[in-house]
Amino acid sequence: MKYSEIKCLKQGEKSTVQLVREQNGGQIFIRKILKGQHPIYQTLQNAPHPCLPKLYDITVSEESTTVIEEYIKGQTCGAVELSEKQFLNLVRELCSVLEFLHGKGIIHRDIKPSNILLTEDGHIRLIDFDAARIPKETVEQDTILLGTRGFAPPEQYGFSQTDERADIYALGATLNLLLGEKKRKPRYIKIIRKCMNLDPEKRYQTVKQIRQAFFHTERNILCGFAALILIALAGSCAVALPPFLKGNPADSENGDASLTVLPVPEFPHWDGETGTAAWGNVPESGIADEVQFYLRLYRRDTETPPNPDDGDWYYEYKVRMGGSNREDEIQAWNLTPALDKNGYYYFTVASVGDGIHYTDSPYAVSDVFEYTGDAAPSLPPPTGLAWALYEEDNTRLYYAAWDNLDDYDGNDWFNVTVYDETGAYVMNNTWSKSNILKRDRNGIRIPAEFLIAGPDKAYRFTVQVYSSRPNEYRSSPMPDPPPEEYYSPWLLFGPQSDK
């Protein structure tokens, strides 16, 4: 493919970055010409993620590497004053993409605000992998010292070989800069200081630990970030990655008065003793063919309803309902995994706007649920995990299935998490047993878009049960990381050597 240069964006000793146009189609791209070999871009081309720019063509020679990548409209996050809500959204998405990269063995090594773009679609893109590397077991320190002062950790200047903890230091430095004065809560500062400890052993050791520190009681209920892009077909999904939407004026200092405020969800309530939150649907909410809601969970020692403006919730996430579920008059989500200890629980719910026509509604407060089951026995884990394949309208459908579905109540929920052959997280999806039975497949569908075929590609999954009787049974245990016996057999897509 031939390209014509529109303008030079950056010219340096080691790289040239150009804005180019495809001569035939007229599409605009970024072309990077890098001195030396950078095979990391070939690895990234085969590891797509919604928070990374798309890579279209990679040419590596003995002297240089040429990269044709997606042109992204947006601005660097350092150029924008973020509200607390936007700041937390950025934390979630950065943690998501870094967990993905580290799962592939890739260390970015130059995380900083200017390498994080806020896009027009309200999400982030992590860019510039010129300094990225894959650690080698036999090397004691990095051969080439790269990074940006103020964001790179000490070990990146030759004290030892860098690993994912170098990105953790840079993530902390980036968040510290973006936090600003208005959002400097003691809890955030404590997390950031641990990220930036000069001793790598005293930092968080994984990005997952940082995510859990910011959103500390989410405990594996989250669906994969990729579900932000692809709706779980004919199913329900909740994710903890709200886009950078313009909040309602009562909830965010960045509210846009020109947008219509969505209706408040009606009748938020606990569905009996099931540990499930329920509320009236708002069909105008969300985007495309899904409705969306923010949920916040509160715990009290006494029956004291929360004031949504106080901000003392301890668990926040977004519920997205696609497929046939988006039409339900009552929306619901199982909150059992988030019930931390005995006490009185309330939730608040708001409908989510698209940031174009609608902005978020105010929060409505539920009734109270008394949780007394923190010492209850756990439900049994699913057994006999297996992939089930079906043909429908000349299309192959993939389901994650198990053989003891009869052991559970109709309102129990199941969270399926899929991993690839490298052990990296791919996606997860959550359905109730009643939702599974409606589809008569004895399992949960895994959209084929997540299962990329190719030589040596393979996938397996785990299943965790969320109890709908929290005062009688706790959710099934799920060790972190899960031991081998918690995984399904491999779903193979090509010649395999060791699966």
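A salt bridge is absent between Glu69 and Lys54: the closest approach of a Lys/Arg side-chain nitrogen to an acidic carboxylate oxygen does not fall below 4.0 angstrom. Taking the charged nitrogens against the carboxylate oxygens, Arg469 and Glu273 have no contact shorter than 4.0 Å, which rules out a salt bridge. Taking the charged nitrogens against the carboxylate oxygens, Arg300 and Asp312 do have a contact shorter than 4.0 Å, which makes a salt bridge. A salt bridge links Asp130 with Lys32: the distance from a Lys NZ or Arg NE/NH1/NH2 to an Asp or Glu carboxylate oxygen falls below 4.0 Å. Looking at Glu201 and Arg165, a side-chain N of the basic residue comes within less than 4.0 Å of a carboxylate O on the acidic one, giving a salt bridge.
The distance from atom CG of Asn307 to atom OH of Tyr298, rounded to the nearest 0.5 Å, is 8.0 Å.
When atom types are taken as modelled, the side chain of Asn334 and the backbone of Ser467 share a donor-acceptor pair closer than 3.5 angstrom. The closest donor-acceptor contact from the side chain of Asn281 to the backbone of Asp328 lies under 3.5 Å.
Separation of the Trp270 and Tyr346 ring centroids does not fall under the 6.0 Å cut-off. Here the two rings, on Phe414 and Tyr408, have centers that are under 6.0 Å apart. Aromatic rings from Trp279 and Phe293 are positioned such that their centres are separated by under 6.0 Å. Not less than 6.0 angstrom separates the ring centroid of Tyr459 from the ring centroid of Phe450.
Glu290 and Gln292 share a side-chain donor-acceptor pair at under 3.5 Å. A donor-acceptor pair shorter than 3.5 Å can be found between the side chains of Ser468 and Asp412. Under the 3.5 Å distance criterion, with hydrogens and angles disregarded, no donor-acceptor pair is assigned to the side chains of Ser351 and Ser285. Between the side chains of Thr274 and Asn411, no donor-acceptor pair is found at a separation under 3.5 Å. Side chains of Asn428 and Asn415: a donor-acceptor N/O pair is present below 3.5 angstrom, by distance only.
Residue Leu175 forms a side-chain contact (heavy atoms from CB on, under 4.5 Å) with just one option from Leu177, Leu171, Leu179, and that option is Leu171. When the options Asp420, Thr43, Asn46 are evaluated for a side chain to side chain donor-acceptor pair (under 3.5 Å) with Lys104, the one that passes is Asp420.
For Asp199, the CG atom is densely surrounded, since the number of other residues' heavy atoms within 6.0 Å is greater than 12. The environment of CD in Glu266 is sparse: at most 12 heavy-atom neighbours from other residues, nucleotides or ligands sit within 6.0 Å.
Between Trp413 and Trp333, the ring planes lie perpendicular to each other; the angle is over 60°, past the 30° to 60° tilted range.
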Show the numbers, then the answer: is there a side-chain contact (heavy atoms from CB on, under 4.5 Å) between Leu90 and Leu178?
-> CA-CA 10 Å; Leu90 181 141; Leu178 298 178; 3.9 Å; yes
Would you check, one step at a time, whether the test ring pair (Phe, Tyr, Trp, His ring centres under 6.0 Å) holds for Phe214 with Tyr188?
-> CA-CA 7 Å; Phe214 272 101; Tyr188 300 160; 5.7 Å; yes
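By the ring-ring contact (aromatic ring centres under 6.0 Å, His included) test, Tyr419 pairs with Tyr487, sequence neighbours left out.
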